[in-house]
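Reckoned from all heavy atoms, side chains included, excluding hydrogens, waters and symmetry mates. The chains referred to below are lettered A, B, ... by the order of the sequence lines, with proteins before strands, and numbering in each begins at 1.
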Amino acid sequence: MQHVDDITNWKVTKSNELVKAGYTLSLNEQRLILFCIAQIDSRKPFSRIKAVTAAAFAAAYTLETRHAYEALEDATERLWNREVKTRFEDGRVEKVRWVSKATYDRGNGRVTVNFSPEILPFLTLLNERFTSYDLRYISHLTSTYAIRVYEYLKQYVKLRSSIRVTLVDFKEMLELSDSYMRFANFKARILVPAVEQINSHTDLRVSWVVIREQRSVVAIEFRFTKASQQEELPLLPVVEDLDESEAA
DNA sequence: CAAGACAGCAAAGCGTTGTG
DNA sequence: CACAACGCTTTGCTGTCTTG
């Protein structure tokens, strides 16, 4: 996992709870977080502390190294105040910080991230209800919403070929409840770009239809399949992979 | 009329270039 | 490596037309 040039098989694994939680991250913050998560062995407890070099970050997301410094510095700075909101059945909302410490080592182009203790249950010791995917599939997505939607669909892809989600829940997940009061805007700015990016860069092929009540859109039904070509790539059944490989 | 579609404006974000 | 500046993209909103 240390080799910068070999990110092809890095997997991001997180609990489905986290996949569906409400949070906002800029693209760079999202990239930084996912890069760190990809280095975690989700089956085990772990050190909480992950280091990211500009070179490794640039390699993972196909940027020129010299451009990665400021992206990392900026993302690190902003990550400090970011939080994850988990909504419970009874309406309770629990907020948790992503990081308890995040420092950019100026002069060395290196970030050290300490995940907060409260976020760890979403990332480690996972053996059920989790989602796993290859980091490389989202590495070319340029909309943070595209990444969120990809993860959301990915959690269902083994179980079914479509999922219906209410517009309210969906916007809540993306922390857009108070924005995009007009569906057309949400569609044009979020849905269409996200699905387009997912279809052209990831292993999922997605389409969607709106569900209406009267004339208002109340839900979205996503339909998806795994792309046939990508299927031939070394994408082992996730559960087996996690249970068996290098466990000892 | 209410809600969606479409066009366009503006701010923020992202990637690049040039400079030191 | 850092910083300033530029240009393209992403994101959020408004005006206006279209539709059932």
Side-chain angles (χ1 to χ4, degrees), chain A residues 4 7 22-36 51-83 85 98-99 102-113 135-153 164-202 206-222:
Chain A
V4 169
I7 67 138
Y23 62 85
T24 305
L25 293 175
S26 74
L27 179 62
N28 278 329
E29 295 167 296
Q30 180 79 271
R31 284 177 167 178
L32 176 56
I33 282 281
L34 293 178
F35 188 90
C36 292
V52 179
T53 64
F57 187 80
Y61 296 109
T62 330
L63 309 169
E64 287 182 44
T65 304
R66 66 199 188 98
H67 299 146
Y69 301 107
E70 277 171 275
L72 273 182
E73 184 174 14
D74 178 56
T76 306
E77 177 65 30
R78 298 168 50 162
L79 204 48
W80 173 248
N81 287 314
R82 297 299 201 180
E83 58 197 22
K85 289 181 192 150
W98 282 103
V99 298
T103 48
Y104 180 72
D105 180 4
R106 226 182 164 117
N108 287 316
R110 191 164 174 275
V111 173
T112 308
V113 172
L135 181 66
R136 70 197 154 113
Y137 286 140
I138 56 87
S139 67
H140 289 99
L141 306 187
T142 56
S143 160
T144 184
Y145 298 123
I147 298 176
R148 293 298 310 278
V149 175
Y150 174 78
E151 291 184 344
Y152 184 80
L153 299 180
R164 187 176 291 199
V165 58
T166 68
L167 190 56
V168 169
D169 286 350
F170 196 61
K171 286 176 70 176
E172 210 161 62
M173 177 183 106
L174 302 175
E175 301 253 272
L176 291 174
S177 297
D178 298 328
S179 308
Y180 294 111
M181 295 323 207
R182 299 188 190 181
F183 179 75
N185 285 337
F186 184 73
K187 176 183 169 183
R189 298 296 183 226
I190 310 295
L191 276 175
V192 170
V195 168
E196 189 185 77
Q197 289 191 8
I198 290 169
N199 281 334
S200 51
H201 294 295
T202 77
V206 181
S207 62
W208 54 277
V209 293
V210 295
I211 310 300
R212 294 170 193 271
E213 239 168 50
Q214 311 302 330
R215 298 171 52 190
S216 298
V217 174
V218 295
I220 303 159
E221 183 173 311
F222 291 98

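- Here the side chain of Lys171(A) pairs no donor or acceptor atom with the backbone of Phe186(A) at under 3.5 angstrom.
- Between Phe183(A) atom CZ and dG4(B) atom P the separation is 8 Å, expressed in whole Å.
- Protein atom CD of Gln214(A) is 14 Å distant from nucleotide atom P of dA2(B), rounded to whole Å.
- OP1 or OP2 of dT11(C) has at least one side-chain nitrogen or oxygen of Ser143(A) nearer than 4.0 Å.
- Ring geometry, Phe170(A) versus Phe222(A): the interplanar angle falls from 30° to 60°, so the pair is classed tilted.
- Atom CG in Leu25(A) sits roughly 13 Å away from atom P in dT11(C) (whole-Å rounding).
- The closest side-chain heavy-atom distance from Gln197(A) to Tyr145(A) is not below 4.5 Å.
- Comparing dT11(C), dG4(B), dC13(C) by their closest approach to the side chain of Ala184(A) singles out dG4(B).
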Return a single string for nucleotides 10-20 of chain B, one symbol per nucleotide in 5' to 3' order, where B is base contact, S is sugar-phosphate-only contact and - is none, cutoff 4.0 angstrom on heavy atoms. ---SSSBB---
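- We find the CZ-NE2 distance between Arg136(A) and His201(A) to be 14.5 Å, quoted to the nearest 0.5 Å.
- Taking atom CD of Glu175(A) as the reference point, atom C1' of dT11(C) lies 16 Å away to the nearest angstrom.
- Residue pairs meeting the salt bridge (charged side-chain N to carboxylate O under 4.0 Å, His left out) criterion with at least one partner in residues 141-153 of chain A, sequence neighbours excluded, are Lys14(A)-Glu151(A).
- Taking the side chain as every heavy atom from C-beta outward, Leu135(A) and Tyr61(A) approach each other to under 4.5 Å.
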Enumerate, atom names and distances included, each donor-acceptor pair closer than 3.5 Å involving a side-chain atom of residues 102-110 of chain A, sequence neighbours excluded.
unit_1	atom_1	unit_2	atom_2	d
Asp105(A)	OD2	Asn108(A)	ND2	3.0
Arg106(A)	NH1	Glu73(A)	OE2	2.8

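- What separates NZ of Lys187(A) from C1' of dG12(C) is a distance of 17 Å, to the nearest Å.
- Remark: Arg189(A) engages no residue in a salt bridge (Lys or Arg N to Asp or Glu O under 4.0 Å) (not counting sequence neighbours).
- Residue Tyr104(A) is classed as a sugar-phosphate contact, given heavy-atom separations below 4.0 Å to backbone atoms only.
- The interatomic distance linking Asp178(A) (CG) with dT11(C) (P) rounds to 18 Å, in whole Å.
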For every nucleotide of nucleotides 15-20 of chain C, 5' to 3': is a protein heavy atom under 4.0 Å from its base (B), only from its sugar-phosphate (S), or from neither (-)? BB--BB
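- What separates CD of Glu73(A) from P of dA2(C) is a distance of 6 Å, to the nearest Å.
- One can place OH of Tyr180(A) at 12 Å from P of dT10(C), the figure rounded to the nearest angstrom.
- Under the rule for a side-chain contact (heavy atoms from CB on, under 4.5 Å), the partners of Glu64(A) that lie at least two apart in sequence or sit in another chain are Arg66(A), His67(A).
- Across all strands, Gln197(A) comes closer than 4.0 Å only to sugar-phosphate atoms, never to a base (heavy-atom distances).
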